[in-house]
Q: 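Let me begin by handing over the structure; questions about it come next.
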Amino acid sequence: MTFVLSIIFLTSTLAAFQVFTIGTYGVAPAIIMLAFFYAYILKRIIWNGDKLHYQPSISLILLIIIISIVLISGITPLIGVNKYEISQFFKTSFHFLFLTTFTLICAFYRIENFRWRTVIRVFLVFSIFINIYGIYQVVARAFDLPFAWIELSNESLTARGTAVGFDPYKQLALQFENFYRATSIFSEPSFYASYNIIVMIFLIIPLLKTKTGFIKSNALKIFILIFTVAALFLTFSLTGLLSFLLLTFTVFLIERSKRLKYFIYFLAGTVFVILITDSLVKNVTEISVANLFIDRIERISKSSKIGNESMNGESVNVRVDYQQQAYNIWQQYPILGCGIGLVGYNKKVDLKFADTALTQVLAETGAIGTFFYLAFFAVTFFLVLKLNIFCNKSYILNDVDKCLAACCLYLFVHLTVINFITANNLITPISWLYIGFIFSIMNNTYSKLGYKFSIIEVFPKGIKNKLIGAISQ
């Protein structure tokens with residue numbers, strides 16, 4: 001199981017490399033690995049008779065309600081009797097169910113903390129190679145060196161006709177004279193920035209609770225951190241900047257440990273790495289990325305209307321326009337929405353896809369879906385905050401438990417950013433993989449703290465033992 005989980009989280013970075021298509025849906029490597037994982041869990045429950053353990057929390061109930069509302073949103077296309085919309089609804093709802101199944105498994109099936117520790121260690125080590133390549137790209141693109149760009153295989157956008165204004169087979173990275181934003185193996189810089197924020201959480205946050213974190217070697221931790229900070233900076237991403245600032249704010253607001261000084265050291269080291277990186281890039285490209293950041297933020301903040309005075313290629317104004325269009329679709333279907341996956345099929349509003357998960361939920365599941373979606377995030381936030389407090393006070397939890405529990409709060413803060421503000425991860429593996437991780441860690445932690453859990457025996461003793469018993473008689 002540990003190996004499969006490690007591969008799932010690693011392949012979640014390869015969403016832009018779709019292996020094959022089913023109709024208009026491109027199948028990415030993570031989807032294939034999830035299918036193997038589901039088959040394995042099904043085998044364990046049916047053949048081996050593994051029990052399901054769960055804590056009936058409000059967060060879990062809200063998740064089940066959200067899944068139900070997504071299915072109920074199909075009433076709108078069914079009433080419209082449009083075969084194309086009905087077909088798209090069933091495909092998108094199945095995809096949504098497929099992804100949230102991972103979260104539900106994590107909520108009901110015990111995945112021990114030592115397995116998650118190994119998954120994170122593998123994730124952190126592989127980040128070295130991803131970030132070395134991302135940094136190399138900046139130089140390679142300036143001098144037209146080999147492997148400066150990766151050809152993608154995003155069949156979904158091509159098949160659905162949503163690749164408007166860009167090439168679905170090329171990485172998206174704006175050029176500022178000789179400087180191109182880093183993308184590494186990702187389709188665009190914001191995804192790469194989001195990935196590095198997660199790497200940073202797994203690397204730094206555990207050190208607020210324990211001496212070693214997930215990786216014992218201090219040299220390796222520093223090595224990973226240097227490349228992570230440099231690569232995050234070179235994405236030139238507001239997503240990365242906003243998440244970093246919110247995570248920093250949360251640390252100073254929540255944490256009261258004596259080890260908080262190590263986070264201050266981390267911030268000082270981050271500034272140092274950024275200054276060195278900016279100097280090196282400026283020598284190569286004659287462009288200061290730091291100055292680009294300052295200019296970008298000043299233009300956004302000073303404009304009378306968002307985006308009016310933004311630099312060339314600024315995405316903020318486009319995102320605001322997309323959110324307005326999603327709101328216009330919601331006004332047509334205020335209660336149940338237009339149906340999951342159907343914003344691109346609206347006859348009155350020309351919107352290929354919603355810009356954020358929140359606006360997609362609003363337009364496609366209506367006021368009811370939006371209420372429960374917001375409630376789910378609010379309740380889960382307080383649960384992971386409570387978990388963080390228990391982590392600080394408990395003497396029962398070991399260092400691994402504390403490291404994992406500490407990460408949950410900060411991962412959820414980042415997930416809120418990339419679902420509510422800067423991106424749409426409602427129907428992508430990223431959100432549901434990490435929400436599943438959070439559910440699993442909450443269950444394991446509360447179990448160690450003595451909370452009662454409900455047990456479900458789907459196949460008592462399992463088919464395997466029954467067959468052995470029947471043969472031995």
Q: One pair to check against side chain to side chain contact (heavy atoms under 4.5 Å, CB included): Ile427 and Gln360. What are the steps and the verdict?
A: CA-CA 10 Å; Ile427 311 180; Gln360 181 174 2; 3.6 Å; yes
Q: Side chain of Glu364, backbone of Ser73: donor and acceptor closer than 3.5 Å?
A: no
Q: Check whether any side-chain heavy atom of Asp350 sits under 4.5 Å from a side-chain heavy atom of Lys352, and report yes or no.
A: yes
Q: Do Thr235 and Asn196 have side-chain atoms, one donor and one acceptor, less than 3.5 Å apart?
A: no
Q: Ring-plane angle category for Phe223 and Phe227, please: parallel below 30°, perpendicular beyond 60°, tilted otherwise.
A: perpendicular
Q: Closer than 3.5 angstrom, by distance alone: can the side chain of Asn419 be matched with the main-chain N or O of Ala357 as a donor-acceptor pair?
A: no
Q: Roughly how far, to the nearest 0.5 Å, is CD1 of Ile254 from CD1 of Ile389?
A: 7.0 Å
Q: Measure centre to centre between the rings of Phe37 and Tyr40, then say whether the value is under 6.0 Å.
A: no
Q: Testing Phe437, Phe129, Phe9, Tyr195 one by one against Phe123 for a ring-ring contact (aromatic ring centres under 6.0 Å, His included), which residue passes?
A: Tyr195
Q: Within this structure, what is the CD1-CD1 distance for the pair Ile128 and Ile130, rounded to the nearest 0.5 Å?
A: 10.5 Å
Q: Can you tell me how far apart OG1 (Thr103) and CH2 (Trp432) are? Round to the nearest 0.5 Å.
A: 6.0 Å
Q: Could you tell me whether Glu112 and Arg117 make a salt bridge, using a distance below 4.0 angstrom between a side-chain N and a carboxylate O?
A: no
Q: What orientation do Phe252 and Phe263 show, parallel under 30°, tilted 30 to 60°, or perpendicular over 60°?
A: perpendicular
Q: Under the side chain to side chain contact (heavy atoms under 4.5 Å, CB included) rule, what do Thr356 and Gln323 come out as? Steps first, then yes or no, please.
A: CA-CA 8 Å; Thr356 66; Gln323 290 170 17; 3.7 Å; yes
Q: Do Gln332 and Asn328 get their side chains close enough for a donor-acceptor pair, meaning under 3.5 Å?
A: no
Q: Side chain of Thr13, backbone of Leu10: donor and acceptor closer than 3.5 Å?
A: yes
Q: Does the side chain of Ser68 come within less than 4.5 Å of Phe372's, by heavy atoms?
A: no
Q: Between Phe147 and Tyr136, is the gap from one ring center to the other below 6.0 Å?
A: no
Q: Is the backbone N or O of Phe236 less than 3.5 Å from a side-chain atom of Arg296, with the two atoms forming a donor-acceptor pair by type?
A: yes
Q: In terms of the angle between their ring planes, are Phe412 and Phe376 parallel, tilted or perpendicular, with boundaries placed at 30° and 60°?
A: perpendicular
Q: What orientation do Tyr451 and Tyr446 show, parallel under 30°, tilted 30 to 60°, or perpendicular over 60°?
A: tilted
Q: How about CZ on Phe382, more than 12 heavy atoms from neighbouring residues, nucleotides or ligands closer than 6.0 Å, or not?
A: no
Q: Working to the nearest 0.5 angstrom, can you tell me the gap between Met1 CE and Ile8 CD1?
A: 10.0 Å
Q: Got a donor-acceptor contact below 3.5 angstrom from the Ser194 side chain to the Ser190 backbone?
A: no
Q: Checking Ser440 against Arg115: is there a side-chain donor and acceptor pair closer than 3.5 Å?
A: no
Q: Supply the atom-to-atom distance Asp50 CG to Ile456 CD1, rounded to the nearest 0.5 angstrom.
A: 13.5 Å
Q: Would you check if the side chain of Asn346 reaches a backbone N or O of Leu351 as a donor-acceptor pair within less than 3.5 Å?
A: no
Q: Hey, do the aromatic rings of Phe381 and Phe377 have their centres closer than 6.0 Å?
A: no
